Amino acid sequence: DGERHGEIMRATSMMDGVLGAQTADGQELAERINTRLRIIQQGEKGTLFLIDLTNYRETVAKLTDANAGGFLHAVSDSILSDFRGEDILGQVSENLFVLFICGRTSLDIIERRAQRIIELVHRVSVQGFEGINVSVGVAATGTPGGRYRTLYSRAASALQIAKSHGENNY
């Protein structure tokens with residue numbers, strides 16, 4: 001209902017400050033990632049992971065006392081605990097997160113990081129969210145001056161492919 005949606009959106013809005021995406025349209029997140037993309041060094045990759053909590057909305061709708069904010073905080077804490085302080089994590093919608101990493105990363109490492117993200121989300125223990133599914137789309141560039149929107153678009157396409165292969169894929 002409308003009141004419940006408002007509560008969820010307020011919880012999501014509180015998350016924005018924690019995750020660094022302080023504007024509703026994600027402009028600050030995009031600017032931070034674009035800044036990092038401009039300074040990629042020879043041999044480095046900028047990698048964007050688009051993380052979709054695929055059944056989040058359905059899960060929240062089933063709960064009478066949704067702890068949406070607590071779950072989202074726990075997800076962000078779990079992901080951040082396993083990545084470097086220089087990596088950028090942001091929430092772009094109610095059920096979508098973006099993680100951007102930069103460095104000398106092989107495709108094998110990128111693949112392991114995508115699998116690790118899924119594990120980290122599943123490690124979160126908040127009542128009512130035990131059956132949450134997560135899919136991850138990944139896009140990378142080694143070109144200085146790449147753009148966030150381009151990476152996001154490619155990651156979104158990869159996410160659709162991952163979801164077509166079933167739950168909890170990348």
Side-chain angles (χ1 to χ4, degrees), residues 9 12-57 71-124 132-170:
M9 294 314 293
T12 301
S13 176
M14 291 186 313
M15 285 298 296
D16 290 346
V18 171
L19 299 173
Q22 284 131 2
T23 56
D25 64 2
Q27 186 61 38
E28 181 177 333
L29 176 66
E31 288 173 10
R32 289 176 62 197
I33 292 173
N34 282 333
T35 298
R36 293 286 299 282
L37 285 168
R38 280 192 289 276
I39 59 172
I40 288 177
Q41 301 295 313
Q42 181 81 20
E44 290 185 331
K45 285 185 185 65
T47 305
L48 188 131
F49 298 87
L50 184 57
I51 306 160
D52 183 1
L53 307 177
T54 53
N55 59 338
Y56 175 80
R57 290 181 180 132
F71 176 72
L72 295 174
H73 275 286
V75 166
S76 67
D77 288 347
S78 182
I79 293 170
L80 287 172
S81 73
D82 206 62
F83 285 81
R84 302 168 300 183
E86 65 197 47
D87 297 333
I88 301 169
L89 179 66
Q91 186 174 5
V92 294
S93 74
E94 184 179 28
N95 63 307
L96 284 176
F97 289 83
V98 165
L99 175 67
F100 180 78
I101 65 173
C102 201
R104 296 186 184 281
T105 51
S106 67
L107 293 178
D108 183 54
I109 291 171
I110 293 169
E111 187 174 344
R112 284 190 306 222
R113 297 314 283 170
Q115 179 61 43
R116 183 67 179 149
I117 290 167
I118 293 170
E119 292 168 5
L120 291 167
V121 172
H122 286 152
R123 188 171 73 183
V124 171
I132 204 77
N133 295 316
V134 61
S135 298
V136 181
V138 183
T141 184
T143 307
R147 303 291 299 159
Y148 166 73
R149 293 286 175 217
T150 302
L151 277 178
Y152 185 93
S153 176
R154 290 179 183 160
S157 295
L159 177 62
Q160 292 310 311
I161 293 168
K163 290 167 85 172
S164 74
H165 292 287
E167 300 171 349
N168 303 308
N169 275 303
Y170 57 93

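Being a predicted model, the structure only gives us computed values, none of them experimental. For reference, positions follow the sequence shown, starting with 1.
- Judged as a salt bridge (Lys or Arg N to Asp or Glu O under 4.0 Å), not a single pair has a partner in residues 98-107 (not counting sequence neighbours).
- Looking at heavy atoms from C-beta onward, I33 lies in side-chain contact with V98 at the 4.5 angstrom threshold.
- Minimum interatomic distance between V124 and S78 (heavy atoms only, all atoms of both residues): CG2-CB, 3.8 Å.
- Taking the side chain to side chain contact (heavy atoms under 4.5 Å, CB included) definition, one finds that E86 meets it with R36, R84, sequence neighbours left out.
- Sequence neighbours left out, the pairs with a member in residues 108-117 that pass salt bridge (Lys or Arg N to Asp or Glu O under 4.0 Å) are D82-R113, D82-R116, D108-R112, R116-E119.
- Note on residues 149-170: pairs passing ring-ring contact (aromatic ring centres under 6.0 Å, His included), not counting sequence neighbours, are Y148-Y152.
- Legend: salt bridge (Lys or Arg N to Asp or Glu O under 4.0 Å) pairs involving residues 158-170, not counting sequence neighbours, sorted by first then second residue: D52-K163.
- Residue G46 comes nearest to C102 through the heavy atom pair CA-SG, 4.3 Å, listed as atom of the first residue, atom of the second, then distance.
- Qualifying side chain to side chain contact (heavy atoms under 4.5 Å, CB included) partners for T47, counting only residues two or more places apart in sequence or in other chains: K45, F49, I101, T105, I110, V138, A140.
- Atoms CG and CZ, on L159 and R154 in that order, are 16.0 Å from each other to the nearest 0.5 Å.
- Under the side chain to side chain contact (heavy atoms under 4.5 Å, CB included) criterion, T35 pairs with R38, not counting sequence neighbours.
- Qualifying side chain to side chain contact (heavy atoms under 4.5 Å, CB included) partners for A155, counting only residues two or more places apart in sequence or in other chains: L48, L50, A139.
- Considering only heavy atoms from C-beta on, T54 stays 4.5 Å or farther from V134 through its side chain.
- Within the 4.5 Å cutoff, no side-chain heavy atoms of F97 are placed close to those of V121.
- Between the side chain of N55 and the backbone N or O of N133 there is at least one donor-acceptor pair closer than 3.5 Å.
- From N168, atom CG reaches atom CD1 of I117 across 13.0 Å, with rounding to the nearest 0.5 Å.
- The salt bridge (Lys or Arg N to Asp or Glu O under 4.0 Å) test applied to R57 returns E94, not counting sequence neighbours.
- Looking only at side-chain heavy atoms (C-beta outward), I79 and I51 come within less than 4.5 Å of each other.
- Between the CG atom of N34 and the CD1 atom of I39 there is a distance of 11.5 Å, given to the nearest 0.5 Å.
- What you find for L120 and F83 is that their closest heavy atoms are CD1-CE1, 4.0 Å.
- Closest heavy-atom contact between L29 and V92: CD2-CG1, 3.5 Å.
- Residues T141 and T150 are not in side-chain contact: their nearest non-hydrogen atoms beyond the backbone lie 4.5 Å or more apart.
- Scored by the side-chain hydrogen bond (donor to acceptor under 3.5 Å, both in side chains) test, S157 finds no partners at all (sequence neighbours excluded).
- For S106, there are no side-chain hydrogen bond (donor to acceptor under 3.5 Å, both in side chains) partners two or more places apart in sequence or in a different chain.
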